[in-house]
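Remarks on the structure that follows.
Predicted model only: the values in this text are computed from it and were never measured. Atoms within each ligand, like the ligands themselves, are counted from 1 in listed order.
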Amino acid sequence: MRALVAVDGSNTAETALDWYLECLHKPENELIIAHAGEPPSIPTFKLFAEGAAFPSDEITKIMAEQNKKMDKVKNKFALKCDQKKLKYKLVFMMYDGEPGESIIRTAEAEKCDAIVMGSRGLGAIRRTILGSVSDYVLHHSKMPVLICPKK
Ligand code: ATP
Ligand code: MG
């Protein structure tokens, strides 16, 4: 089995990975841990592309901040997997459009058999059972999706 576990920095995503490791993982499985990082806002890039007086060190700073955020998530999961002596692959990218779209595209490109993720993430709005990313993946994926509830 090739499983893609989609993670953000939330405890629920970590719960999803824990559930996968406890209930589904076998030593011969391939584990892909994927994260779709938020790209710098479109107005930022638009201004830049239109040649607005936009200091280039400003865009470098914005990119560095985004990369730092992604590295934090990356290090958290890499440390956890290393401690458990797991074989895994990290796929961390900045999404274009919807994060869920990038997750599905990665799972397809990596020829995965299933996507495992949490029901909620870091978002603050809690009016629905599913967050927008888990909702998107559940409704658009052509492969099985397993969603672990928030504790
Ligand atoms: P919203 O983002 O709509 O405010 P939320 O943050 O509570 O809501 P989601 O973002 O849908 O909920 O998160 C649900 C699960 O989706 C997370 O537990 C994680 O497994 C996965 N996930 C969320 N964001 C990403 C991401 N950017 N990259 C990879 N996986 C993600
Ligand atoms: Mg979210």
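In the displayed structure, Lys89 atom NZ is contacted under 6.0 Å by at most 12 heavy atoms of other residues, nucleotides or ligands. Residue Asp96 places its CG atom among 12 or fewer non-hydrogen atoms of other residues, nucleotides or ligands, all under 6.0 Å distant. Applying the 6.0 Å contact sphere to CD of Glu22 captures no more than 12 heavy atoms from other residues, nucleotides or ligands.
Close approach to Ser10 involves these atoms of ligand 1, each under 4.0 Å from a residue heavy atom: 18 (O). Residue Met117 has at least one heavy-atom neighbour below 4.0 Å for each of these atoms of ligand 1: 16 (O), 20 (O), 21 (C).
Atom 25 (C) of ligand 1 has its closest protein heavy atom at Asp8 CB, 3.9 Å. Of the protein's heavy atoms, Arg120 O, 3.4 Å lies nearest to atom 17 (C) of ligand 1. The single protein non-hydrogen atom nearest to atom 6 (O) of ligand 1 is Gly123 N, 2.7 Å, given as residue, atom name and distance.
Residues Asn29 and Tyr20 bring a donor and an acceptor atom of their side chains to less than 3.5 Å of each other.
Nearest to atom 28 (N) of ligand 1 by heavy atom, out of Ala34, Ala36, Ala13, is Ala36. For atom 19 (C) of ligand 1, the choice among Ala6, Ser119, Gly121, Ser102 with the nearest heavy atom turns out to be Ala6. Comparing Val7, Leu138, Val133, Asn11 against atom 11 (O) of ligand 1, the shortest heavy-atom distance belongs to Val133. Comparing heavy-atom distances from atom 1 (P) of ligand 1 across Ala124, Ser132, Ser134 singles out Ser132 as nearest.
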- Message: Under the criterion side chain to side chain contact (heavy atoms under 4.5 Å, CB included), I'd like the reasoning laid out for Lys150 against Asn11: C-alpha separation, chi angles, the key distance, then a yes or no.
- Response: CA-CA 8 Å; Lys150 186 179 160 67; Asn11 291 338; over 6 Å; no

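Between Ile115 and Leu146, every side-chain heavy-atom pair lies at or beyond the 4.5 Å cut-off.
In terms of N/O distances under 3.5 Å, ligand 1 is approached by Gly118.
Using a cut-off of 4.0 Å between Lys/Arg side-chain N and Asp/Glu carboxylate O, Lys76 and Glu14 are scored as salt-bridged.
For Ala16, the heavy-atom gap to ligand 1 stays at 4.0 angstrom or more.
Applying side chain to side chain contact (heavy atoms under 4.5 Å, CB included) to Leu17 and the options Leu86, Val5, Val116 leaves one that passes, Val5.
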